[in-house]
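What follows is one structure encoded as structure tokens, with my remarks underneath.
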Amino acid sequence: MGVLFERVVLIRDAQRNRNRSDSMGRSAGSERGVGGSDQLALRLGSVRVALRRAQDAIPRLTELDKTLGQRFDKRFNLLAGEVDGDAAPPRDATVAELVRKGEDLISETLAVLGGAAARHLDLDDGITSVALRWLDQLSDQADIRKVAAVVPAATEFIGVVTEVVRLKLPLDGSWGLPVAAHEYGHFVASVLSRTDDDGGVPDHTLLVEGLLHAGGADTDMPLIYWHGHELFADAIATALAGPAYPEYCLWYRFDPAQAQTVTPTHPSLARRMRVQLAVLRQLADADASGLIESDLDRISARWSDSVTAAGETAAVPIEELLEPLEGKLLEIVRDHPQLRPIRYCDHARARALAENDLDRLAAGTSVAQVLNAAWSARRAGPSGFQDQRTDQLSAKATALVKEVLDRA
Amino acid sequence: MPDGLVLRTRLAVTQRNLERVNDLNATIDRREQGMSDLLSGPEELKKHFEQVWAPFEALSMIERGLEDENFTNQLDKLYGVLRSHQRSIKKAASEATALRTELFDQLYERQDVKDYLVRQAEEKRSALGAENYWDKRSECERLFSEYVDVLRGIALRGARFGDQDLALGDFFRIADELPRVWGRPNSWSWDSLVVPALLEVSHSTDVNILHVGFPEWTIWALPLIQHEFGHMFLDRVTGSADADASSIRTSMVADALACLVTGPAYACASLLLRLDPAAVTLGADVALRSATILATLQAVAAEVSDLGPVQKLAERLGAEWRVAVDAAGGSADAFDAALGSDDCREAVDQARDTLRDCKGALDPHWPENWGRISSWADALADGTPDQMDIAEEDFRDRDRASLVLVLNAAWLARVRPDPRHDAPPEKVEEIGRLATTSMLEHLPPQEPRQIKQTGQPNLR
């Protein structure tokens, strides 16, 4: 659950004066670095060569995975054209940016090639294809542009340059599908905008990105940015997938013993769970059946108990900069008109589907309702969460999700 | 010398009345016969009317030979009038046939009425004599009371009272079906009548008639029938004597059974419509009954996974009940004392044990269908009853009609676990109407019955 933003132009301004080295000790944006202009020019040349090779590889990618190849081809050509254009010799600052972009693109291309191979070999059990169709459907409904592709990978990631979502293998079947919504949340953060009227001229601003950049002083910037991004992605995943996302985090991902661990890119699990529960509260407030509230109580209690049993606390220490940001992000998730059509609702329908043992798909059932129905059916199983039916339920849910997407 | 004139007079009247009861089938047939003849009229007329076309065809032949314009015009006019009448008669015949089916076909096949009322009348008439009249008269009077109930019920149900959306007969057709959700306790299958009454009569009767009290002849009061059926169930399963049936303990167990089988709809109907909060005092029947109902609901919600909303609904009903008790001058403390009492706990346990151990009784299916109920409640609240997959549910679970699920959905659409989501008052009637219509559409089909031309022979 990460996001490839460290080299993204969106935050370049905030990071322009910061020296950050990659694992080889090179400075990615080293316009003031050791090699100066000559080095940058050489690196740009190498990047361009690599990009052409990558471009040559795309037909093979299409052979492996037609859909993926076609979708990636468009995005690649668009981005490669920016890096490998025929424009006049650029200035140093622009060169550094092109190098960053090009390296990102190469990195993403490698990931996509690897992902295509994994998909070709069916290592993902078809889940990434399903995830891509789901995210496409969400984009259509919310009138947001589509991600380029979803591929299996070693870690979760979304490359905001290529807009390729990577989902970590193993994918845990349909149970892990909500993670695609989390990565989609990173993507949404980069595209969700607000339009103001500036003297009769529409003025578009990136809403979430703007907030994340305004979240603190320059010295706080990376941490606030990363943490805010992660919290927003969690909030979006919960808003789109409903209880199925926190349920997955609770049972598969969040280690209670690490509840208070903070990393440079990720806030504590306790904080992340708190955000998810806050979004569940928003959904529960709109849910007349009371079923979401019931799930909220259960997940909250379970998380709290697990953390306490692990010798930790589920309480979230106050962080001056993150608290207000968290509140504003939650407001966006609750109120933004583009998110309204894709917000999870009608939880009762999911429960009813579970009561049918996932056997009878009612008209108008959503992907998220199927995912939640699977969790509900799993809870009702005789052996609870370790039930041997888990795999069967996952397969059934995946088939139903496909049916929902086919019907749409 | 006095020679027992009082006794002889009363005995003669009683015996005559028992004969009348025994003639119930013939009475019903006679009542139906006149109306049936009337309603058969349009159909007969339709057949007779077909005969006008043969002479008309003959006239047409003549007209072709005459080439008389005036004659042709008159014949055309006649044709128009005849065709118009034919259409009217056809329409009237169709409506009359539908009405006849609606009025009579629902009532006739109620085997329990025939079996018990008629048979009991015959048995009592045979056994009744001057030597035992004074001992037997109260039994006979009770039987007459049942007889009157049946006749009154049949009359009221067939009278098409009601409003533009729902005839009383339709309402009671739904009511007749509700006890089937209990299954076949000890292989006994419910096949009797629900009849209108002034108030519910909470005791099992020899003829197994359930009473629904006015003014609640609406969908919201339908769950209350289950309390009375709870008494019948207990009578069938445990063989408890009538004396026990009137005891508060039996009433509490009947309440617990009704709540177990019917779900929150029963708790809503009992607490929000029927029980008198002013009567809640220390140790009073209403205190114990209301506590038993809530305790039953809470027990089910606590035991079945994922019934959090039911738990919250039970908490809300409890809180609302306490407020009503205080406002009406009752004692909320008395209610709380009842809730924590052994009596209450034991009644709930007894109901659960009885239901579990009874051969042929069905497990309550509302807990495992709470998602469906919630989904249907949303559909009713949204005015989209076509989203309710009632037919599919009936197909999936053929033993247990979905009527109880619809009742719960209707109540849930009206009263939610969180009061913010309650239906606004102006929508309540519409929710009830949609739920009722949905239930009527999914009642088990009944075989059309030929109205008999003569009364059935009685059982003598």
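Computed from a predicted model, the values in this text were never measured in an experiment. Note on naming: letters A, B, ... go to the chains in the order of the sequence lines (proteins, then strands), and numbering restarts at 1 for each one.
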Keeping A/Arg351 on the side-chain end and B/Asp306 on the backbone end, is there a donor-acceptor pair under 3.5 Å? yes
Hey, which residues of residues 354-361 of chain A are touching chain B, say heavy atoms under 4.5 Å apart? A/Glu355, A/Asn356, A/Arg360
What part of A/Ala350 gets within 4.5 angstrom of chain B, counting heavy atoms only: side chain, backbone, both, or neither? neither
Which residues share a salt bridge (charged side-chain N to carboxylate O under 4.0 Å, His left out) with B/Asp418, sequence neighbours left out: B/Arg420
Atom CZ of A/Arg302 with >12 non-hydrogen neighbours under 6.0 angstrom: no
With chain B as the partner chain, list the residues of residues 394-408 of chain A whose heavy atoms fall under 4.5 Å from it, by residue number, and write 'none' if nothing qualifies. none
Any side-chain heavy-atom pair of A/Asp346 and B/Gln387 under 4.5 Å: no
Tabulate, in ascending numerical order, the residues of residues 283-292 of chain A having at least one heavy atom closer than 4.5 Å to a heavy atom of chain B, or enter 'none'. A/Ala284, A/Asp285, A/Ala286, A/Asp287, A/Ala288, A/Ser289, A/Gly290, A/Leu291
How long is the straight-line distance from CD of B/Gln311 back to OG of A/Ser294, given to the nearest 0.5 Å? 9.5 Å
What's the spacing between A/His347 NE2 and B/Asp378 CG if we round to 0.5 Å? 11.5 Å
With a 4.5 angstrom heavy-atom cut-off, which part of B/Trp376 approaches chain A: side chain, backbone, both or neither? neither
Given the options B/Glu392, B/Arg372, B/Lys312, which has more heavy-atom pairs under 4.5 Å with chain A than any of the others? B/Arg372
Which pair of non-hydrogen atoms, one from A/Ala348 and one from B/Ser374, has the smallest distance, and what is that distance? CB-CB, 3.4 Å
